[in-house]
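Below, read A as the first sequence line, B as the second, and so on, with proteins coming before strands; counting in each chain starts at 1.
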2 protein chains.
Amino acid sequence: MYPSIIVTVDVVLMTLCLDVLCVALIRRPNAPFAGELALPGGYVHAQEDGNAEDAAYRILREKMGIRPPYLEQLATFSGNRRDPRGWSASIAYFALVSPTTEATWQPVSKLQKLAFDHAAIIQAAVDRLRSKSAYSVLPAYLLPETFTLAELQKIYEQVLGSPLDKSSFRRKIKELDLLDQVAGSFQVGNQRPAQIYRLKKMMTFDRTLSQSAPRKAGRSGQ
Amino acid sequence: MYPSIIVTVDVVLMTLCLDVLCVALIRRPNAPFAGELALPGGYVHAQEDGNAEDAAYRILREKMGIRPPYLEQLATFSGNRRDPRGWSASIAYFALVSPTTEATWQPVSKLQKLAFDHAAIIQAAVDRLRSKSAYSVLPAYLLPETFTLAELQKIYEQVLGSPLDKSSFRRKIKELDLLDQVAGSFQVGNQRPAQIYRLKKMMTFDRTLSQSAPRKAGRSGQ
DNA sequence: ACAATAGTGTCTGTCAGACATTATAGC
DNA sequence: GCTATAATGTCTGACAGACACTATTGT
């Protein structure tokens, strides 16, 4: 009745390896683009996947063996030229994980030629991560579950690409009130130990980090 | 080979009617949801549409007879429960037009029950418009091609839901440098005539409008 | 004591909001 | 003159960045 359209889900899974933003890639075993590097992805399975997000989680479970702490829909890439098999729509997601996750990580800055339009999808994911990092705690998902403020600041500097002032950074993080102190501390050498934190369990992530912070509405009125 | 998946495009077409944010709806002639109100949408036509955005433009042309000055992909809504015919994916777009566009406009604040999950899609579009309005000139697309600064400010106040200071608003708009003066002026009564502006032709829209939320008065305390 | 990093206090330039003032039209 | 709106000028509180300062560990 209607010409069949290929519907797939692809996931841009990112982490920070040795202070470099990396993406997980898989070498394709089959055509098309056999042997080339590609994002983990696959067909939507109408029988098992309740929706596209379910499919993304299933694919990450099957192909990477993980369940990421952060996953969000990125955009849908579609058209008749991106897949030699025909008109296709790829619902792309991006996910962030701790660097302890096992995978074939590739720095996003030096990617070879990739299958399909996956290079463009990765670029969109990196742009989104960068732009959201300016006003959210997203980069914290690139760290292990617990971390120090110094580590967190370093992650932000890596993602944003510019150094941040320690005092201002801590002031902002405190205002956001998105971290919980964890009992215990972390120490590397002969130095003062650092307090350990973890992300608060919450449903919303898009609080403002810098500049456009909602100015402490609290004070106003009663 | 793979179970067929329904791929459609739906467009949330918005404007400002009498200072109220409205969305264009169409009464469905056919099942499913025959007779109910729904977003303009339709199947992707693999033969004619180069990609999903092309399909969105085609649908707006066929069903509304327009080509909007602003169109952006919103998100993809998918799953096995949103369409009684089976597993479906709707690539949703949102578009802004001038209020002179002919259509059946409905205020977004008082929507009846809609077909499919279109109420959720509209909510997502409104949220996106609101959040982008804080740091872009997007609301200008809700006006005719030329307008005065007073009209523009009123639009922003409508979309953002809070009054803005005239001086600050103009300072910001000037800094953004996104408007061109148009020869001529506009006058309503026995008053000083207002300068007329139009949007500059450009490719990027996401400049910063205001760095911070409007500060709540509070001359009172402290 | 020193070294090294964690964490805080203080100053200051900048800027958004508040609001006064001037400008331009018709009467 | 008056009224109404357009457009601009000026002041001020608040905040982000800069940076000096204190705190806490091991040797």
Just by distance, do the side chain of [X] and the backbone of [Y] share a donor-acceptor pair under 3.5 Å?
X         : Y         : value
Tyr197(B) : Leu149(B) : no
Gln181(A) : Gln195(A) : no
Ser133(B) : Val159(B) : no
Asp117(A) : Ala120(A) : no

- Looking at dC19(D), dA16(D), dA18(C), which one has an atom nearest to any side-chain atom of Asp165(B)?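 Selected nucleotide: dA18(C).
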
What's the [atom1]-[atom2] distance between [X] and [N], to the nearest Å?
X         : N       : atom1 : atom2 : value
Lys154(B) : dT5(D)  : NZ    : C1'   : 13 Å
Lys172(A) : dT8(C)  : NZ    : P     : 17 Å
Gln153(B) : dA18(C) : CD    : C1'   : 13 Å
Lys174(A) : dA16(D) : NZ    : P     : 15 Å
Glu175(A) : dT8(C)  : CD    : P     : 14 Å
Leu176(B) : dC15(C) : CG    : P     : 14 Å
Leu160(A) : dG17(D) : CG    : C1'   : 15 Å
Leu149(B) : dT8(D)  : CG    : C1'   : 12 Å

- Item | Any donor-acceptor N or O pair under 3.5 Å, side chains Thr100(B), Ser98(B) |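 Their side chains do contain a donor-acceptor pair, which is all the 3.5 Å distance test asks for.
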
Please list, for nucleotides 1-6 of chain C, all pairs of protein and nucleotide N/O atoms separated by less than 3.5 Å.
| unit_1 | atom_1 | unit_2 | atom_2 | d |
| --- | --- | --- | --- | --- |
| dA6(C) | N3 | Arg192(A) | NH1 | 3.2 |

- Quick one: pull up CG in Asp10(B) and NE2 in His118(B) and give me the separation to the nearest 0.5 Å.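 Rounded to the nearest 0.5 Å, the CG-NE2 separation comes to 3.5 Å.
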
- Item | Polar pair under 3.5 Å, donor/acceptor by atom type, side chain Arg171(A), base dG9(C) |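 Looking at the base of dG9(C), it does not pair with any donor or acceptor on the side chain of Arg171(A) (distance under 3.5 Å).
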
- Item | Distance-only donor-acceptor test, Ser167(B) side-chain atoms vs dG17(C) base atoms, 3.5 Å |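 Under the 3.5 Å cut-off, the side chain and the base do not form any donor-acceptor pair.
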
- What pairs meet the salt bridge (charged side-chain N to carboxylate O under 4.0 Å, His left out) rule with one or both residues in residues 134-145 of chain A, with sequence neighbours excluded?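 Qualifying pairs: Glu145(A)-Arg198(A), Glu145(A)-Lys201(A).
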
